[in-house]
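Notes for the one structure printed next.
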Amino acid sequence: MSRLLTDEEVERQLADLPLWTREGDAIVATIEAPDFPAAIRIVTDAAEVAEEMNHHPDIDIRWRTTTWLLTTHDAGGLTQLDVEQAHRITEIARRHGATHGG
Ligand SMILES: C[C@H](O)[C@H](O)[C@H]1CNC2=NC(N)=NC(=O)C2=N1
C-alpha cells in the first residue's frame, strides 16, 4: 500500500495537474467531453487503467460532463496512486477531445 502524501507533496504535484484540485482527502476534476459517447469512452478507458492499478475512481456522469474523485481509501487520504491515476485520466480525456468542465 502506498503511503499518505504530505500537504506539500500534494500541492507540488498538483502544479502539474491543472485540471485537478484538492478537496480534503481527495483530488477532483470535472471533464467535459465533446458528446455523451465520448464521455463514456473516457470512463471505459479509465476503467481499464483502474483495474490495472487496482485503484478505482469515484465517477459522476452527467451527459457529457464527468466528475472524478480520487482518494486512497485504504490509506485514508491521498497517495502517489491518486496522482498517477490523475495523470492517466487526464491523458485519456485529452485523447478523446475533452476540455475543462465548469
Ligand atoms: C482490496 C483492494 O486492493 C482494495 O479495496 C483497493 C481497490 N481499489 C481501491 N481504490 C481506491 N481508490 N482506493 C483504495 O484504497 C482501493 N483499494
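Along the sequence shown, residues are numbered consecutively beginning with 1. Source: prediction; values computed, not measured. Whatever order the structure lists them in is the order used to number ligands and atoms, beginning at 1.
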Do D16 and H87 get their side chains close enough for a donor-acceptor pair, meaning under 3.5 Å?
no
Could you verify whether a donor N or O on one side chain and an acceptor N or O on the other, from E51 and H56, lie under 3.5 Å apart?
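Distance-only check passes for E51 and H56.
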Of Q85, Q13, R3, which meets side chain to side chain donor-acceptor pair (under 3.5 Å) against Q80?
Q13
Report the C-alpha distance between E52 and R88 in whole Å, list the side-chain angles of each, state the deciding distance to 0.1 Å, and finish with yes or no for salt bridge (Lys or Arg N to Asp or Glu O under 4.0 Å).
CA-CA 12 Å; E52 182 194 306; R88 295 187 71 176; 2.9 Å; yes
Take E32 and R62 through the salt bridge (Lys or Arg N to Asp or Glu O under 4.0 Å) test and state the conclusion after the steps.
CA-CA 10 Å; E32 198 167 300; R62 297 184 188 232; over 6 Å; no
Between L17, L19, I31, V43, which is the residue that forms a side chain to side chain contact (heavy atoms under 4.5 Å, CB included) with I89?
I31
Can you pull the residues with any heavy atom under 4.0 Å from ligand 1?
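Residues within 4.0 Å of ligand 1: N54, H55, H56, T71, T72, H73, D74.
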